[in-house]
Structures are given as C-alpha cells and as structure tokens.
Amino acid sequence: MDDPSAIDPNVIGGAWAAGADVKLGATVEGKNKVSYTYYVVAEDGTQGTASYKVTFKKAKKSSDATLTTLTVDGYVAYDAVKGPFDATTTDGHTFVVDDPSAIDPSVIGGAWAAGADVLLGGSSEAADGSSVSYFYYVVAEDGTRSEVTYKVNFVKAQDGETPTEPEEPGKDDETTTPAEDEQKADENKPDEKKSALGETGSAVLGVSVFALLLAAGSAVIFVMRKRA
C-alpha cells in the first residue's frame with residue numbers, strides 16, 4: 001500500500017467464538033513495512049496457541065519513464081508507435097507555424113508509463129521571434145528522470161511557405177479499411193428497384209387504370225348494344 005504507517009491496527013473485525021476477544025500483540029516496524037500480530041483470548045481467559053500476523057508493505061513505485069507519444073498544442077512531436085521522429089535534444093522535431101509565440105507549450109498530451117509525468121524543462125527563443133524551442137522530459141512514478149529530453153521546435157513560416165497543420169483530435173479513430181469503405185458504399189447505394197418504381201410507378205399505375213377503364217367501358221357498350 002501507499003503508506004503502511006497510516007494503518008490503524010485497532011480497527012479489526014471478523015468472526016470468533018462467543019465471548020472471546022481478539023487482541024493486538026506485538027508490533028514490528030521495518031523499512032517500508034509494518035507487521036501486527038493478533039491472538040485470541042477465550043471467554044474463560046484461555047489464550048489461543050495460534051497467532052495471526054498481518055504485514056503491510058509500502059508499494060514499490062515504478063521507475064518506468066517510457067514515452068510513447070507526445071503532442072504539443074496539437075502538434076505530434078513524438079510517436080514511437082507510428083514511427084518516432086528525431087525528437088532528442090540533438091535536433092528535435094520542427095514545425096512551421098504562422099506565429100511561434102502563439103504556441104502554448106503547456107498544452108501537451110500523449111501516452112507514457114503509468115504514474116509518470118511529462119514536464120516542460122525549458123525553452124529557447126530567437127531574439128527576433130522567428131523560432132522557439134521547448135524541451136520536455138519524463139519523470140517516473142518513483143522520481144526517476146528519463147535520460148532522453150524531447151525537443152520541439154516551432155519556426156515562423158516564410159513567404160510562400162505552407163504552415164504545418166496540427167493533427168485533428170480523433171483523426172486516427174475515423175480510419176477505415178477498404179472492406180469497410182466498400183460496405184458503407186453498398187449501404188449508401190440507392191436501391192435500383194425502388195428507384196425504378198419511384199420513376200415509373202406512376203406511369204405503370206396510369207396504364208393499368210386506363211386498361212381497367214377501357215375494359216369496363218367495353219362491357220358497358222356491349223350491354224347497351226345487347227339491350228338495343
């Protein structure tokens with residue numbers, strides 16, 4: 001657990017013989033752990049021969065400072081899954097933007113080891129404001145700092161130069177396979193039979209009604225002629 005010293009050994013419960021009591025005996029504290037020993041006293045004062053030891057140990061924190069992905073203000077600065085950029089302090093990864101000073105270096109996201117943190121270590125800005133670089137590092141759950149520092153550069157776009165577009169959140173989630181695309185196309189494809197009926201149904205219905213009326217008219221004429 002996180003803090004063994006926070007345990008109250010007197011808060012006990014359970015099931016035992018009627019009239020008996022469970023009592024706390026010895027307490028032994030060690031490095032990052034503490035042990036409590038309990039025994040039972042029967043209703044007539046007889047102490048049980050068995051003792052029950054309970055040990056609480058301080059959880060060992062992870063030293064894993066692994067970084068999988070890192071985005072800075074929407075720009076993917078590091079991605080170890082899709083193919084890592086050269087994001088070390090040697091060169092870093094560079095994005096071309098309209099205004100480097102408009103980037104918010106505190107807006108970061110990504111994936112890293114459980115319990116770890118990604119922190120901004122510093123920045124370096126050109127005197128003329130044409131570029132700015134930010135340095136990030138990972139601190140593991142136990143305080144271990146990553147050996148790698150991730151450098152991200154933002155450079156002002158020159159005349160005629162197209163700025164880098166930030167990645168749209170959830171864009172990868174919308175990716176589909178060719179088979180899924182084909183299935184969607186089939187689902188959205190108009191029903192030929194329904195379309196044909198929609199376009200020609202009135203004409204067919206009109207012809208049918210005309211035929212019925214013609215037949216009925218012939219019968220009327222026939223009857224009238226017969227009576228004459």
Side-chain angles (χ1 to χ4, degrees), residues 1-43 46-90 92-93 103-124 133-152 166-173:
M1 58 179 308
D2 290 333
D3 184 10
S5 65
I7 292 295
D8 185 349
N10 299 302
V11 179
I12 60 175
W16 43 81
D21 287 320
V22 176
K23 297 183 177 295
L24 174 63
T27 297
V28 178
E29 294 186 19
K31 184 179 180 180
N32 298 323
K33 69 177 182 179
V34 59
S35 297
Y36 302 106
T37 301
Y38 298 88
Y39 62 94
V40 182
V41 177
E43 187 176 20
T46 302
Q47 180 174 325
T49 57
S51 61
Y52 305 88
K53 185 177 181 180
V54 184
T55 301
F56 296 92
K57 292 184 177 181
K58 185 176 179 65
K60 184 177 180 180
K61 294 185 177 180
S62 172
S63 60
D64 189 352
T66 302
L67 180 69
T68 304
T69 60
L70 175 66
T71 62
V72 179
D73 206 0
Y75 295 86
V76 180
Y78 182 78
D79 194 324
V81 177
K82 298 178 182 177
F85 297 121
D86 182 9
T88 63
T89 51
T90 305
H93 190 69
I103 296 296
D104 187 345
S106 64
V107 179
I108 62 173
W112 42 82
D117 288 317
V118 177
L119 303 176
L120 175 63
S123 62
S124 176
S133 298
Y134 298 104
F135 304 88
Y136 298 88
Y137 62 95
V138 183
V139 176
E141 187 179 23
D142 68 352
T144 301
R145 178 170 171 162
S146 61
E147 296 180 0
V148 177
T149 299
Y150 301 87
K151 181 180 180 182
V152 188
E167 183 168 296
E168 297 177 10
K171 185 177 182 181
D172 291 341
D173 297 338

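Quick caveat: nothing in here was measured; it's all calculated off a predicted structure.
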Determine all donor-acceptor pairs shorter than 3.5 Å in which one atom belongs to a side chain in residues 54-71; sequence neighbours excluded.
unit_1 : atom_1 : unit_2 : atom_2 : d
Thr55  : OG1    : Ser35  : OG     : 2.8
Lys58  : NZ     : Asp2   : O      : 2.9
Ser62  : OG     : Asp64  : N      : 3.0
Asp64  : OD1    : Thr66  : N      : 2.9
Asp64  : OD1    : Thr66  : OG1    : 2.4
Thr69  : OG1    : Ala111 : N      : 3.0
Thr71  : OG1    : Gly109 : N      : 3.4
Thr71  : OG1    : Gly109 : O      : 3.4

Partner residues of Thr49 under the side-chain contact (heavy atoms from CB on, under 4.5 Å) criterion, sequence neighbours left out: none

Who passes side-chain contact (heavy atoms from CB on, under 4.5 Å) against Val22, sequence neighbours left out? Ile12, Trp16, Tyr38, Val40

Is any side-chain heavy atom of Tyr134 less than 4.5 Å from a side-chain heavy atom of Ser124?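 Counting from C-beta outward, Tyr134 and Ser124 never come under 4.5 Å.
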
Flag side-chain contact, heavy atom, 4.5 Å: Tyr136 against Thr149: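 Sidechains of Thr149 and Tyr136: no contact.
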
Considering all heavy atoms of both residues, which atom of [X] and which atom of [Y] are nearest to each other, and what is their separation?
X	Y	value
Asp104	Asp73	N-OD2, 2.9 Å
Ala140	Ala116	CA-CB, 3.9 Å
Val76	His93	O-CD2, 4.2 Å

Can you name the side-chain hydrogen bond (donor to acceptor under 3.5 Å, both in side chains) partners of Asp142, sequence neighbours left out?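 Asp142: side-chain hydrogen bond (donor to acceptor under 3.5 Å, both in side chains) contacts with Thr144.
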
Take Tyr36 and Leu24 through the test side chain to side chain contact (heavy atoms under 4.5 Å, CB included) and record every step on the way to the result. CA-CA 7 Å; Tyr36 302 106; Leu24 174 63; 3.9 Å; yes

About how many Å separate CD1 of Ile108 and OH of Tyr150, when rounded to the nearest 0.5 Å?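 With rounding to 0.5 Å, OH (Tyr150) is 12.0 Å from CD1 (Ile108).
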
Per-pair distances, 0.1 Å, donor-acceptor, side chain in residues 3-11, under 3.5 Å, sequence neighbours excluded:
unit_1 : atom_1 : unit_2 : atom_2 : d
Asp3   : OD1    : Ser5   : N      : 3.2
Asp3   : OD1    : Ser5   : OG     : 2.6
Asp3   : OD2    : Ser5   : OG     : 3.3
Asp8   : OD1    : Asn10  : N      : 3.0
Asp8   : OD1    : Asn10  : ND2    : 3.4

Sorted by chain and number, sequence neighbours left out, ring-ring contact (aromatic ring centres under 6.0 Å, His included) with Tyr137 holds for none

Applying side chain to side chain contact (heavy atoms under 4.5 Å, CB included), run through Ile103 and Tyr75 and close with a yes or a no. CA-CA 10 Å; Ile103 296 296; Tyr75 295 86; 3.8 Å; yes

Main-chain N/O of Val139 paired with Asp117 side-chain donor or acceptor, under 3.5 Å: no

